[in-house]
Amino acid sequence: MKLIFSYENTRLKDFVQEEADFGQAQQSLKKAIALFAFNAVLIVAAACYLPELGEQIGKMTGWGESFIGSSFLAVTTSLPEAAVAFTAARRGSFDMAVASLLGSNLFNIVILSITDFCYVKGPLLRSVSQVNTLAALTAMIAMAIVVIGLTYRPQKKILFIGGDAAAIILVCLLANVLLFIAH
């Protein structure tokens with residue numbers, strides 16, 4: 001009876017500890033969901049105000065709305081994806097980092113498709129400035145470089161980054177310079 005009592009007492013302590021750990025995990029999950037929802041609302045609220053802010057910056061500086069939208073606003077709206085990609089890369093999940101960035105870009109293309117479908121004045125891209133074709137062309141070239149980089153993986157790096165990453169940086173910098181000149 002003593003052995004059964006000791007065994008059951010130990011088992012009960014383990015069960016209570018498991019329940020306590022599960023309760024803490026549930027509580028931290030609820031906290032994580034609440035924090036995620038709060039930050040998502042903040043991002044959506046900021047996204048609603050961001051185009052107006054970009055337009056004001058473009059008028060105040062005289063740099064042009066296309067340059068501001070294609071450089072500063074694009075960087076700002078890509079920060080969440082960049083944070084996810086950097087965190088995934090730091091953890092060694094390089095596939096997740098690349099998939100996050102590519103998935104985000106593909107989702108943005110889907111958003112453009114839906115917007116084009118809902119735009120009743122004709123094709124959406126006919127209504128945008130010709131300067132924005134440079135941004136679209138840059139995005140296509142960058143995506144092509146990514147596909148080439150995924151297909152052909154060189155072992156050699158330039159400084160501390162791969163050749164495909166260096167090419168993407170170069171293409172984006174060149175496009176920003178051209179956008180700035182074109183305004």
Side-chain angles (χ1 to χ4, degrees), residues 35-90 94 96-150 154 157-183:
L35 190 61
F36 175 82
F38 174 73
N39 286 320
V41 168
L42 280 178
I43 289 172
V44 169
C48 292
Y49 180 64
L50 209 52
E52 182 182 320
L53 183 63
E55 188 176 338
Q56 289 176 0
I57 292 172
K59 287 179 182 175
M60 288 171 54
T61 59
W63 288 351
E65 293 174 20
S66 293
F67 173 72
I68 296 294
S70 296
S71 55
F72 295 116
L73 295 184
V75 168
T76 304
T77 57
S78 297
L79 287 176
E81 291 89 2
V84 169
F86 284 129
T87 302
R90 242 186 310 160
F94 300 109
M96 184 184 292
V98 172
S100 172
L101 293 173
L102 292 178
S104 173
N105 284 335
L106 289 174
F107 184 73
N108 289 339
I109 291 170
V110 169
I111 290 172
L112 276 176
S113 306
I114 293 169
T115 305
D116 188 32
F117 179 74
C118 296
Y119 190 69
V120 293
K121 296 180 183 176
L124 179 68
L125 295 179
R126 276 199 195 146
S127 300
V128 297
S129 170
Q130 289 292 81
V131 176
N132 289 325
T133 56
L134 178 62
L137 184 62
T138 303
M140 286 188 279
I141 291 171
M143 287 295 280
I145 293 170
V146 167
V147 170
I148 291 168
L150 289 172
K157 291 187 173 190
I158 302 169
L159 295 177
F160 58 90
I161 60 174
D164 52 348
I168 291 172
I169 291 169
L170 183 66
V171 165
C172 290
L173 286 175
L174 180 63
N176 276 317
V177 168
L178 291 173
L179 273 172
F180 186 76
I181 292 170
H183 85 274

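In this chain, numbering begins with 1 at the start of the sequence shown.
To the nearest 0.5 angstrom, F67 atom CZ is 11.0 Å from I57 atom CD1. For the atom pair L106 CG and L101 CG, the distance stands at 11.0 Å (nearest 0.5 Å). Rounding to the nearest 0.5 Å places OG of S104 at 4.5 Å from CG of N108. Between the CD1 atom in I68 and the CZ atom in F180 there is a gap of 9.0 Å [rounded to 0.5 Å].
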Check residues 38-53 and write down every donor-acceptor pair under 3.5 Å in which the side-chain atom is one partner and the other belongs to a residue at least two apart or another chain.
from	atom 1	to	atom 2	distance (Å)
N39	ND2	L35	O	3.1

Below 3.5 Å, can you tabulate the donor-acceptor pairs from side chains in residues 113-127 to any protein atom, sequence neighbours excluded?
from	atom 1	to	atom 2	distance (Å)
S113	OG	I109	O	3.0
T115	OG1	I111	O	2.8
D116	OD1	L124	N	2.7
Y119	OH	S127	OG	3.0

Check: Could you go step by step and tell me if T138 and V171 meet the side-chain contact (heavy atoms from CB on, under 4.5 Å) rule?
Finding: CA-CA 7 Å; T138 303; V171 165; 3.8 Å; yes

Margin query: Under the criterion side-chain contact (heavy atoms from CB on, under 4.5 Å), I'd like the reasoning laid out for E81 against V84: C-alpha separation, chi angles, the key distance, then a yes or no.
Written below: CA-CA 5 Å; E81 291 89 2; V84 169; 5.7 Å; no

Note to self: Working note: D164 + V146, criterion side-chain contact (heavy atoms from CB on, under 4.5 Å); need CA distance, chi angles, decisive distance, verdict.
What the structure shows: CA-CA 7 Å; D164 52 348; V146 167; over 6 Å; no

Next item on the list: Report the C-alpha separation of I169 and I161 in whole Å, then their side-chain angles, then the decisive distance to 0.1 Å, and conclude whether the side-chain contact (heavy atoms from CB on, under 4.5 Å) test is met.
Entry: CA-CA 10 Å; I169 291 169; I161 60 174; 3.9 Å; yes

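The number of heavy atoms from other shown groups lying within 6.0 Å of CE (M96) does not exceed 12.
Contact between A88 and A97 at its shortest, heavy atoms only, is CB-N, 3.8 Å.
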